[in-house]
Amino acid sequence: MTYDDKVIEKIIGLSLETIDGLLGINGGFFANLKDKLVNTESVRDGVNVEVGNKEVAVDLAVVVEYGKDIPAIVESIKAIVLIV
């Protein structure tokens, strides 16, 4: 079974919405930063994947709430991405 890149992006984007302290996923560091702090129109924004024959590469640029434990958030993200 093969999945399109956009399908994987959407699954990951939806899954990451549950992480406490993760304000948004941003395609570029300052691009649309204000919009990412509120709500985004698409759960795929800032999620880029490349589907290969045996593996998937996932690139994320995240916006984290000030004062939150960034290493813990990163571990939560990695756990979700490994499941997907």
Side-chain angles (χ1 to χ4, degrees):
M1 185 177 291
T2 305
Y3 295 97
D4 187 67
D5 295 3
K6 292 181 182 359
V7 173
I8 304 296
E9 290 171 357
K10 189 166 188 172
I11 292 169
I12 291 172
L14 287 169
S15 300
L16 294 178
E17 289 182 334
T18 63
I19 296 177
D20 181 48
L22 184 61
L23 295 178
I25 304 169
N26 196 346
F29 186 69
F30 287 111
N32 300 320
L33 183 61
K34 181 184 73 145
D35 295 336
K36 301 303 176 199
L37 294 177
V38 184
N39 282 327
T40 180
E41 291 294 321
S42 172
V43 295
R44 291 180 30 243
D45 288 349
V47 180
N48 299 305
V49 302
E50 184 177 330
V51 179
N53 291 332
K54 295 184 178 184
E55 58 188 27
V56 174
V58 179
D59 292 321
L60 304 169
V62 299
V63 178
V64 178
E65 184 178 343
Y66 180 79
K68 292 290 184 172
D69 184 0
I70 294 173
I73 292 171
V74 169
E75 289 304 314
S76 297
I77 291 170
K78 289 189 329 188
I80 287 172
V81 170
L82 288 176
I83 292 172
V84 171

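Keep in mind that the numbers below use all heavy atoms, side chains included, and drop hydrogens, waters and symmetry copies.
- With a 4.5 Å cut-off on side-chain heavy atoms, Leu16 and Ile77 count as touching.
- Remark: Glu65 pairs with Leu23, Lys68 by the side chain to side chain contact (heavy atoms under 4.5 Å, CB included) rule, at least two apart or across chains.
- Screening Val63, Leu60, Val62 for a side-chain contact (heavy atoms from CB on, under 4.5 Å) involving Leu22 leaves a single residue, Val62.
- The side chain to side chain contact (heavy atoms under 4.5 Å, CB included) check on Val74 picks up Ile70, Lys78, with sequence neighbours excluded.
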Side chain to side chain contact (heavy atoms under 4.5 Å, CB included) assessment of Ile12 paired with Ile80: CA-CA 8 Å; Ile12 291 172; Ile80 287 172; 5.5 Å; no
